[in-house]
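See structure below.
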Amino acid sequence: MSKTIYPNQTIGILGGGQLGKMLGQSAQKMGYRVGMYDEGKTACGFGVSHYTQVGSFNDQEKVMDFARSVDVLTYEFENINGEILTKLNDSTYLPQNTDFLLTTQNRLNEKKWLGENGIPCAAYMAVNTREDLIAALEKTGYPAILKRTRFGYDGKGQFKINNSSDLENLAELSKILEAECVLEAFYPFEYETSVVVARDVFGTVACFPPVVNQHVAGILFTSVTSSTIPEAVQNKMIAIAEKIAHSSELIGVCGIEFFVSGDGEVVVNELAPRPHNTGHYTIEGTNVSQFDQHILAITGRPIIPVRLLTPTLMVNILGQHIAEIPELIKHFPEAIIHLYDKGEPRHQRKMGHFILMDEAVEKLERLVESDSLLKRWRDAIKMEEN
Ligand code: ATP
Ligand code: MG
């Protein structure tokens with residue numbers, strides 16, 4: 001049974017990272033009270049919350065205690081354990097439900113779910129041991145990527161196997177194989193894209209415009225609303241996104257990452273049942289942001305039809321880029337800079353992002369190709385790859 005949550009009522013957010021923070025900012029803008037739960041006292045989202053609670057995500061009592069204090073519960077932290085989630089779902093209002101979250105917590109379950117719904121992804125095999133891996137490589141061929149089924153982000157817990165000599169890297173392989181894994185055939189994509197889709201309690205679905213993404217060392221660097229995705233490819237992505245939203249009975253937003261081949265084949269890389277890094281551009285670039293849309297959906301209000309206001313480029317700011325913020329301000333005086341207030345600017349850690357908007361998307365695409373500051377920043381991420 002869905003409910004409407006009205007301004008002045010309280011939205012509880014599990015997780016106080018940048019996604020929790022931007023969700024909290026949207027909720028507050030709309031007049032909601034925000035409670036936030038995180039493991040760390042200095043979680044960046046705490047700065048925009050009416051009240052906070054610090055505790056482990058595995059501490060059932062504390063999480064339940066927090067959940068009882070709110071009118072509706074949502075999450076930016078996807079890895080809450082299944083048992084606690086089920087309890088939460090029984091005793092509090094969690095409009096997003098638990099099934100889809102539990103499916104997407106595990107890459108293998110996610111791929112099975114996609115298959116059951118007729119949605120293509122790269123060839124894969126479950127792998128638990130070195131023997132499994134060798135057998136699986138016969139099916140996928142080289143190159144292939146070994147990934148842990150759980151807890152991955154920014155390419156962590158992954159190992160690319162280019163040829164049989166990479167199997168000699170025993171230390172790295174056995175570390176990854178300590179947990180359940182999946183081997184994925186390397187998909188020879190021409191480019192990577194993503195779509196954030198929203199669905200409300202009335203069953204209305206709205207997709208944000210697709211973006212083209214550039215990853216460096218497994219970390220998202222740039223997203224640009226693109227002029228180059230052929231309409232047929234965009235239509236395939238939108239159709240897949242709508243299918244995912246309906247089949248999962250999504251309430252809120254979900255990020256969907258795609259690989260696109262040279263001849264326009266579209267396969268899903270992975271799903272994230274929450275706001276997505278490649279959707280940050282929607283704060284400035286569209287009439288309603290992914291965070292606003294999520295808050296509308298979970299409070300039982302109708303989502304808003306989405307319009308692109310102007311072509312937009314988003315660039316992630318990692319720890320190693322922070323010292324160059326003064327340079328960024330000089331180089332792109334028109335940039336809208338978001339900094340998350342995450343404390344120590346550790347290497348490869350997402351600290352913020354910036355936004356550039358221009359009527360001519362080709363100009364933004366050219367910046368991605370050849371701007372000197374972006375080139376330097378990209379090289380500062382690449383160093384990790386070697
Ligand atoms: P995040 O949660 O930050 O998106 P993640 O750790 O879940 O990252 P993936 O999305 O699985 O990582 O992979 C990160 C990047 O590595 C992809 O965006 C893509 O560039 C590359 N990659 C991953 N899997 C494949 C594949 N099967 N074929 C080709 N490239 C891949
Ligand atoms: Mg990814």
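Sequential numbering from 1 along the given sequence is applied to the chain's residues. No hydrogens, no waters, no symmetry mates; every other heavy atom, side chains included, goes into these values. Every value quoted in this text rests on a predicted model; they were computed, and no experiment measured them. For ligands, and for the atoms within them, numbers begin at 1 and follow the listed sequence.
Closest heavy-atom approach to atom 12 (O) of ligand 1 among the candidates Gln158, Lys156, Glu78: Gln158. Remark: among candidates Phe151, Tyr153, Phe189, the nearest residue to atom 30 (N) of ligand 1 is Phe189, based on non-hydrogen atoms.
At a 4.0 Å heavy-atom cut-off, ligand 1 touches Ile145 through the side chain alone. At a 4.0 Å heavy-atom cut-off, ligand 1 touches Ala185 through the backbone alone. Only the side chain of Asn269 comes within 4.0 Å of ligand 1, judged by heavy-atom distances. Counting heavy atoms under 4.0 Å from ligand 1, residue Arg107 touches it through the side chain alone.
If you check the side chains of Lys350 and Asn277, you find a donor sitting under 3.5 Å from an acceptor. With 3.5 Å as the limit, one finds a donor-acceptor pair spanning the side chains of Ser226 and Glu365. Between the side chains of Glu265 and Tyr187, a donor-acceptor pair is found at a separation under 3.5 Å. Side-chain polar atoms of Asp132 and Thr129 form a donor-acceptor pair below 3.5 angstrom. Thr312 and Glu284 share no donor-acceptor pair across their side chains, judged by distance under 3.5 Å alone. A donor-acceptor pair shorter than 3.5 Å can be found between the side chains of Asp292 and Ser26.
Residues Val361 and Leu313 form no side-chain contact, since every pair of their non-hydrogen atoms from C-beta on lies 4.5 Å or further apart.
With hydrogens and angles disregarded, a donor-acceptor distance shorter than 3.5 Å links the side chain of Gln28 to the backbone of Val48.
Taking distance alone, with nitrogen or oxygen atoms compared against 3.5 Å, Phe186 stays at or beyond that limit from ligand 1. Not a single N or O atom of His276, backbone or side chain, sits closer than 3.5 Å to an N or O atom of ligand 1. Taking distance alone, with nitrogen or oxygen atoms compared against 3.5 Å, Lys147 approaches ligand 1 more closely than that limit.
Residue Ala272 places every heavy atom at 4.0 Å or more from ligand 1.
Interface of Glu257 with ligand 1, defined as ligand atoms under 4.0 Å from a residue heavy atom, comprises 4 (O), 10 (O). Interface atoms of ligand 1 facing Gly152, defined by a heavy-atom separation under 4.0 Å, are 6 (O).
Considering only non-hydrogen protein atoms, atom 18 (O) of ligand 1 sits nearest to Glu192 OE1, 2.6 Å. Nearest protein heavy-atom contact of atom 28 (N) of ligand 1 is Tyr187 N, 2.8 Å. In terms of protein heavy-atom proximity, atom 27 (N) of ligand 1 is closest to Glu184 OE1, 2.9 Å. Here the heavy atom of the protein found nearest to atom 6 (O) of ligand 1 is Gly155 N, 2.7 Å. The closest protein non-hydrogen atom to atom 14 (C) of ligand 1 is Gly218 O, 3.9 Å. Among all non-hydrogen protein atoms, the one lying nearest atom 8 (O) of ligand 1 is Asp154 N, 3.3 Å. Looking at atom 1 (P) of ligand 1, its nearest protein heavy atom turns out to be Glu270 OE2, 3.4 Å.
Between Glu270 and Arg107 there is a salt bridge, with a side-chain nitrogen of the basic residue lying less than 4.0 Å from a carboxylate oxygen of the acidic one. Salt bridge Lys375/Asp379: present, at least one basic N to carboxylate O contact under 4.0 Å. Between Glu249 and Arg199, no side-chain nitrogen of the basic residue sits less than 4.0 Å from a carboxylate oxygen of the acidic one, so the salt-bridge criterion is not met.
Between Met30 and the options Thr299, Leu296, Ile11, a side-chain contact (heavy atoms from CB on, under 4.5 Å) holds for only Leu296.
Within the 4.0 Å cut-off (strictly below), a protein heavy atom is located near atom 23 (C) of ligand 1.
The two atoms that bring Ser56 and Val63 nearest to each other are O-CG2, 3.8 Å, heavy atoms only.
In Glu257, the N, O or S atom that comes nearest to the Mg ion (ligand 2) is OE1. Closest approach between the Mg ion (ligand 2) and any N/O/S atom of Glu270 involves OE2.
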